[in-house]
Amino acid sequence: MFGMYLFQGLDSILRFVASNRDIDNWQDAAFNWLIAAVVISIVCVGLMVVIKFIIKQRAPNIRRRVWSRSRTIVFILVGFFPVLLITSLIWYFSRDFVNIVGVGGLLKGILFSWLLYTMFMLIWHSFGEWRRDIF
Amino acid sequence: MKYVFIAVGGSGTKVAESLVSLLAIGFPIRVSQSSAPEAREKITAEFTSYGDTLEIWRLDPDGSSGAADALQNCVDAYQKLQGHLGSGWALEIDPVIRHLDPLHLPQAAPTDNQVKTLEGILCSNYGKDPSDPFMRLFYEPKDLEVKIDRGFYQKPFIGAAIMAVFAESLKDENSDGGSKCRLNHHESLDVRFLLCGSLHGGTGACGVPIMGKYLKDRKKEKDLNKWRIGACLLAPYNLPPQPPFGQLQDDEQLTNALVMDRLRAYANEKAFAGLAIEEQKELTKQILLGFYANPEDMIARTRQGLLYYQDHASDCFDELYILGKPEPDQLPTWSNGGKSQNNPLNSAEAVAALSALDFFSSVDVERKGYLIGTSTQTLDSHKMHISDLPHYKVAGVSIDPEKAFLATAILYHALLHQIPWDEKARNWNNVIAGLKNYYHDDEDRKQADAAHYREAAALIANFIAATVFPNRALGWSEEDASVLRKFLSNDEHVYRDISHKMEKKGLFNDRAKEPLQLRVASIEVSAMEFGKWCPAGDQFTRGTYLRHVWSRLFTKE
């Protein structure tokens with residue numbers, strides 16, 4: 001019963017992402033698109049975390065190491081750009097994504113990646129020293 | 001431990017002012033144990049003066065001297081500093097300076113000891129026997145008749161008799177001096193008395209040996225083993241200018257007409273400013289009769305003073321410090337006591353104050369004898385460097401005054417310019433974990449403390465400036481002052497260089513880029529290292545925090 005609901009849910013998500021469902025195996029392309037969005041957001045989170053760690057570690061004094069909430073939010077927002085760039089490039093260089101996912105799916109995928117990226121960044125900032133940068 | 005600094009005369013008073021300044025700047029006299037959460041060994045030795053008390057007695061017939069006002073202002077500023085820092089920064093100084101007036105003597109009748117001349121005191125009816133026959137043998141009439149309520153004018157032979165009567169009066173706790181000194185109360189305490197005065201003056205030269213002898217006799221009589229008595233004697237280090245006009249020649253007579261003539265000619269001189277007409281006349285008479293500090297007599301008087309100590313007085317003291325300057329500094333204005341006697345601090349007074357710290361911090365109670373500071377041949381006593389100051393020991397560790405000044409200057413800079421007071425404490429990260437934990441949930445407290453720190457830092461900077469900056473104190477080099485000014489500046493363009501040196505070396509290296517230097521002393525500390533220093537939570541006050549950081553800075557190479 002649960003498996004059936006899961007299948008129906010996934011199917012509707014795939015339909016939401018795929019603009020052109022006339023091509024055979026459109027489900028595979030749509031699924032790959034979703035996986036790509038997840039991977040891109042995780043990679044970008046990793047990238048931004050490493051960048052932030054280096055910036056903080058390089059700070060020569062206490063003042064420069066203290067990040068205000070607004071600075072942290074701006075930094076997270078800056079991470080949207082690589083997410084956008086990588087997602088667009090991956091979409092552009094894959095014929096399946098261009099043909100099946102289409103421009104509509106691209107925009108939905110970017111939005112999805114941004115959401116995941118924001119969520120992962122907030123989770124990362126929920127623990128340890130960085131918690132005080134935003135919460 | 002209780003310390004009693006007995007400032008005798010104008011020089012002693014200036015040394016007391018210098019001592020208060022050094023204590024405010026952070027000079028330690030003892031070691032206490034402190035727990036430091038970030039330190040590996042957990043318990044660290046902390047150099048401090050906190051935990052002891054200092055009382056200042058000022059023995060001087062000149063109750064209205066400018067030096068006394070300057071000392072009172074200095075003690076008031078010290079109290080303000082303590083108020084801003086709470087407990088923990090420095091020892092407690094009794095805000096009430098005990099002004100011991102040797103002319104304020106017991107009376108058998110209301111008319112006794114009212115005339116403030118040597119004759120007026122010694123021929124008072126209070127004495128057991130009349131002194132008149134003896135006085136005429138030892139003193140000239142002018143010595144007996146001169147008013148001595150502004151000091152003894154470099155004539156210790158006038159003051160000695162008064163001081164002896166005054167010392168005798170201390171036995172009576174109901175007398176003015178006895179009630180202020182409360183020696184009965186001090187008998188049960190562990191007390192170090194340090195007397196300080198000049199060798200060449202009047203009040204200091206007669207007051208130090210007589211008070212020292214009185215305290216020694218009392219110690220011996222009552223077997224007060226917990227008392228230690230020391231003295232710091234100052235040979236000439238300041239040269240007063242000549243008075244506005246000269247004294248009478250041997251063949252000249254003092255007449256009212258002559259007094260009025262001189263007064264008319266010199267009434268606009270600074271020395272006469274602010275005096276009532278009667279006071280101006282009295283001052284004119286004093287100058288004409290030669291009752292003033294004559295720079296030409298100073299060396300001879302010092303020699304006489306030292307001979308007196310050698311033959312009669314040195315045994316009164318457990319320790320005796322003697323210091324002076326090979327070439328005394330020229331004072332800018334002439335004064336014969338009173339409000340106009342308001343000289344700037346002198347580097348020799350800082351050396352004398354350090355000898356007081358040496359005496360107070362000494363743990364070797366058997367240490368006895370003379371301590372005569374020597375200086376290098378290259379020392380220019382008109383332009384001393386802080387590195388020329390003598391070291392003293394606290395718990396066996398040599399205290400380098402230059403490093404102490406440097407530690408305080410770095411503390412000032414780091415406290416005001418390295419801690420992000422303008423950021424919310426909740427945003428502070430683990431680099432300043434100690435302070436962050438303390439202020440974490442209390443932004444109001446952080447803001448209030450930041451204001452207190454700013455006020456306290458300004459006061460400390462003022463103490464440093466008054467002690468060693470050549471525009472405010474005599475005998476110092478401009479070189480050290482210009483370096484210290486950078487540390488004490490609140491202008492980012494000026495202190496940028498210091499902040500740069502305190503930056504961390506590399507990505508994973510928290511050590512400082514460059515050491516911070518004064519002239520010889522240097523301390524290598526990065527802002528990151530500074531941020532980690534904080535006393536354990538339950539000990540935290542503003543004062544304990546600063547003292548903890550100061551001690552860490554001072555012990556850092």
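Chain A is the first sequence line, chain B the second, and so forth, proteins listed ahead of strands; every chain is numbered from 1. Predicted model, so just to flag it, every value in this text is computed and none were measured.
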Distance-only criterion, 3.5 Å: which donor-acceptor pairs connect chain A and chain B?
from: A:Q57; atom 1: O; to: B:K504; atom 2: NZ; distance (Å): 2.7
from: A:Q57; atom 1: NE2; to: B:L507; atom 2: O; distance (Å): 2.8
from: A:P60; atom 1: O; to: B:K504; atom 2: N; distance (Å): 3.0
from: A:R63; atom 1: NE; to: B:H417; atom 2: O; distance (Å): 3.1
from: A:R63; atom 1: NH1; to: B:D422; atom 2: OD1; distance (Å): 3.2
from: A:R63; atom 1: NH2; to: B:I419; atom 2: O; distance (Å): 3.2
from: A:R65; atom 1: O; to: B:N429; atom 2: ND2; distance (Å): 2.9
from: A:R132; atom 1: NH2; to: B:H440; atom 2: NE2; distance (Å): 3.1
from: A:F135; atom 1: O; to: B:R426; atom 2: NH2; distance (Å): 2.1

A:F80 atom CZ, neighbour heavy-atom count above 12 within 6.0 Å:
yes

When the 4.5 angstrom heavy-atom criterion is applied to B:L507 and chain A, the contacting part is both

Which pairs of donor and acceptor atoms, one on a side chain in residues 20-30 of chain A, lie under 3.5 Å apart (sequence neighbours left out)?
from: A:N20; atom 1: OD1; to: A:D22; atom 2: N; distance (Å): 3.1
from: A:R21; atom 1: NH1; to: A:R15; atom 2: O; distance (Å): 2.9
from: A:R21; atom 1: NH1; to: A:A18; atom 2: O; distance (Å): 3.0

Quick one: side-chain contact (heavy atoms from CB on, under 4.5 Å) partners of A:V78, sequence neighbours excluded?
A:M48, A:V74

Which residues in residues 97-117 of chain A have any heavy atom lying under 4.5 Å from a heavy atom of chain B?
none

Surrounding CZ of A:F81 (heavy atoms of other residues, nucleotides or ligands, distance under 6.0 Å), is the total greater than 12?
no

Most contacts with chain A, counted as non-hydrogen pairs under 4.5 angstrom, among B:G506, B:P420, B:A527:
B:P420

